[in-house]
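For reference, the structure discussed in these notes is given below.
In what follows, chains are A, B, ... by sequence order, proteins preceding strands, each numbered from 1.
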2 protein chains.
Amino acid sequence: MPQVGSGSPGRRIPEATVERLPVYQRIVVELLRAGMATVSSEQLAGLAGVNAAMVRKDLSLLGSFGTRGTGYDAAYLASQIDRALGVDREWPVAVVGAGNLGRALVNSEGFSSRGFRVVALYDIDPGVIGDPVGPVVVRPLDDLEDLADLDDLADIGDVSGEPVPAIGVITTPSSAAQEVADRLVGVGVRSILNFAPRVLVVPPHVLLRYVDLSIELQVMSFYLSQAERHGPGSIVERELPVLHSVGLTPTAEGVGDQVLGAP
Amino acid sequence: MPQVGSGSPGRRIPEATVERLPVYQRIVVELLRAGMATVSSEQLAGLAGVNAAMVRKDLSLLGSFGTRGTGYDAAYLASQIDRALGVDREWPVAVVGAGNLGRALVNSEGFSSRGFRVVALYDIDPGVIGDPVGPVVVRPLDDLEDLADLDDLADIGDVSGEPVPAIGVITTPSSAAQEVADRLVGVGVRSILNFAPRVLVVPPHVLLRYVDLSIELQVMSFYLSQAERHGPGSIVERELPVLHSVGLTPTAEGVGDQVLGAP
DNA sequence: CCTTGTGAATCTATTCACAGCG
DNA sequence: CGCTGTGAATAGATTCACAAGG
């Protein structure tokens, strides 16, 4: 049973907290931009849509750096959250699939501002190879195996002696997703974020997470239907959920077998 | 305290279950395509990365339509999940922002195949107005107020007497997000899905959900750092989380005040 | 014999409430 | 005083384990 807290205090950080940290971070940055030097748990809670006690509990897991009677120093808080999340450094990211979604991600402020540096973008379509997209140029998928030799990779302060980007992002059509995943694993990528609507199989040492952009919409659909069933006007008000998922992650065991296999 | 179950049985469906339903749905559809007529909770659980008992509990909330000794009829299961989610009909959706993300969503199979029909796509950039994107053409943002008069809207079997799309999706730069939200609310849109990295304020009767594509990556960063801290090789294996969030939803109260306001 | 459906047990997350510190 | 940090209390979600059905 591994799993220990993140930074100074040896506390274990629960998954639920990990998922709220980016939310707090974003709010703190907005508040900083608005000129505030300190934030109270009350403020953060209001903006994040959660209970103030939860904010305090979450933040206390990163260490005790609030000031009683005042709140948290916004700038310091932001840096501590980043440290806990491990985004106080640059993570090189390779994106496969230069369609609209891939391009959107490569260009997204969220990626670049949070320490995710896209070092390569691949596509199989000769028509887009060579296109400049944000900081990179679309490479032919066949070059994927050269991921380790990337120039750009050297620019990053050699992150942690990584020979290849730690993170691969798949934004291909679902038909190509498994092959791409296999090849990413083959070159040594340690974690994969899959946007293709397809269940993938990877070795157990590879961290695999899924994002399905339509799940949020489906959850919305549920609550809209709900509201209708209770008659117009009875919109579910603040009975509504606050944090929500968009993904699924299968365990390693026999996933492919089940999809493809006879008994 | 409203909130009742979704379909036949009067049971209340917990948020956690609602978020897993789209996951099951997707898997069932994949299995159907692979030619399977029935699914067991065990199979479903393996592919979704959750416990089989949880699958059964989740599905039992939609009614008891499994067959003991056999499993669930895949096609029927899919239809029941859709009904529970309220996607057994078409939801008209308006997307604002025809950048890469907006285009990706409009074209996404996930949207169209799950009953979300994009009836309008708006942008402010004259350079892209008129571009065909999937089933629609980019309209000038100034036409947003005409949302109610849309031809396409009439095509849909008048969903539920809705005068305007029930769902608005914001994929603009964050600087424009609040104004767009205000205008969507102004024309009567009842729920908004915001991809812009900005906290928004809407009246309490409007359902607002957020998606931040970088949150998943940040959660990954956390677990990668974790793994490193425990030394290479000690990758956190199946201690890893399975379902995860990408959003935040603030409560209505004084959100704007807090961001902008003096005490 | 296999798999569902579900009460009871467990585990996890959230909220309360207050002592303690700046 | 006001606000953090946190034990204790509560609520909620997950897993166990098994009775019952096809």
Side-chain angles (χ1 to χ4, degrees), chain A residues 1 3 5 8-21 23-24 36-46 48-74 76-77 80 238-239 241-245 251 258 263, chain B residues 1 3 5 8-9 11-21 23-24 36-46 48-74 76-77 80 238-245 251 258 263:
Chain A
M1 48 181 77
Q3 191 90 315
S8 344
R11 279 91 129 218
R12 201 197 99 98
I13 299 186
E15 159 84 354
T17 296
V18 173
E19 293 182 351
R20 280 188 296 265
L21 291 179
V23 176
Y24 300 151
M36 313 202 133
T38 64
V39 207
S40 72
S41 59
E42 202 76 51
Q43 276 182 303
L44 261 176
V50 301
N51 182 294
M54 188 151 62
V55 172
R56 294 198 294 276
K57 190 148 276 183
D58 283 341
L59 297 184
S60 76
L61 294 171
L62 315 189
S64 305
F65 45 81
T67 310
R68 290 164 197 239
T70 312
Y72 303 86
D73 179 84
Y76 188 67
L77 177 54
Q80 287 307 294
R238 289 305 150 197
E239 290 276 355
V242 164
L243 287 162
H244 33 272
S245 90
T251 49
Q258 292 189 47
Chain B
M1 51 184 66
Q3 191 91 314
S8 344
R11 280 91 128 216
R12 205 196 96 99
I13 300 186
E15 160 84 355
T17 296
V18 173
E19 294 182 349
R20 280 188 296 267
L21 291 179
V23 175
Y24 300 150
M36 310 200 139
T38 65
V39 207
S40 71
S41 59
E42 202 75 53
Q43 276 181 302
L44 220 44
V50 302
N51 182 293
M54 188 149 58
V55 171
R56 294 197 296 275
K57 189 148 277 186
D58 283 341
L59 297 184
S60 76
L61 293 172
L62 316 190
S64 306
F65 45 82
T67 310
R68 289 164 198 240
T70 312
Y72 303 84
D73 178 84
Y76 188 67
L77 176 54
Q80 287 308 292
R238 289 305 150 196
E239 291 275 356
L240 293 172
V242 163
L243 287 163
H244 33 274
S245 91
T251 50
Q258 292 187 48

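- Side-chain proximity of A/N51 to D/dC3, D/dT14, C/dC16: nearest is C/dC16.
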_Walk me through whether B/D73 and B/F65 qualify under side-chain contact (heavy atoms from CB on, under 4.5 Å)._
CA-CA 8 Å; B/D73 178 84; B/F65 45 82; over 6 Å; no

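- At whole-Å resolution of the value, CD in A/Q80 and P in D/dT4 are 16 Å apart.
- The base of D/dG2 has none of its N or O atoms less than 3.5 Å from a complementary donor or acceptor on the side chain of A/R68.
- The nearest whole Å value for the distance from the CZ atom in B/F65 to the C1' atom in D/dG21 is 17 Å.
- Across the protein-nucleic acid pair, B/D58 atom CG and D/dT15 atom P stand 10 Å apart, rounded to whole Å.
- For A/T70, the side chain to side chain contact (heavy atoms under 4.5 Å, CB included) test picks out A/T38, A/T67, with sequence neighbours left out.
- OP1 or OP2 of C/dT4 sits under 4.0 Å from a side-chain N or O of B/S41.
- Rounded to a whole Å, the CD atom of B/E42 is 18 Å from the P atom of C/dC1.
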Pairs under 3.5 angstrom, nitrogen or oxygen only, protein versus nucleotides 6-8 of chain C, please.
from	atom 1	to	atom 2	distance (Å)
C/dG7	O6	B/K57	NZ	3.2
C/dA8	N6	B/K57	NZ	3.4

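- Listed by chain and number, the residues in a side-chain hydrogen bond (donor to acceptor under 3.5 Å, both in side chains) with B/S40 amount to none (sequence neighbours excluded).
- Place B/G71 and A/T70 on DNA chain C by their nearest nucleotides, and B/G71 ends up nearer the 5' end.
- Taking atom CG of A/L59 as the reference point, atom C1' of C/dT14 lies 15 Å away to the nearest angstrom.
- The interatomic distance linking B/M54 (CE) with D/dA17 (P) rounds to 17 Å, in whole Å.
- Between A/Y72 and the phosphate of D/dG5, there is a side-chain N or O to OP1/OP2 separation shorter than 4.0 Å.
- Per the geometry, CG belonging to A/L62 stands 13 Å off C1' belonging to D/dG5, to the nearest Å.
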Under 3.5 Å, which donor-acceptor pairs do the side chains of residues 50-58 of chain A form with other protein atoms, sequence neighbours left out?
from	atom 1	to	atom 2	distance (Å)
A/N51	OD1	A/A53	N	2.6
A/R56	NH1	A/S41	OG	3.1
A/D58	OD1	A/T17	OG1	2.7
A/D58	OD1	A/R20	NH2	3.0
A/D58	OD2	A/R20	NE	2.6
A/D58	OD2	A/R20	NH2	3.3
A/D58	OD2	A/Y24	OH	2.6

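- Rounded to whole Å, the distance from CE on B/M36 to P on C/dT3 is 13 Å.
- For the helix from C/dC1-D/dG22 to C/dG22-D/dC1, the terminal axes (five pairs an end, C1' atoms, rotation from four pairs onto the next four) enclose an angle of 20°, given to 10 degrees.
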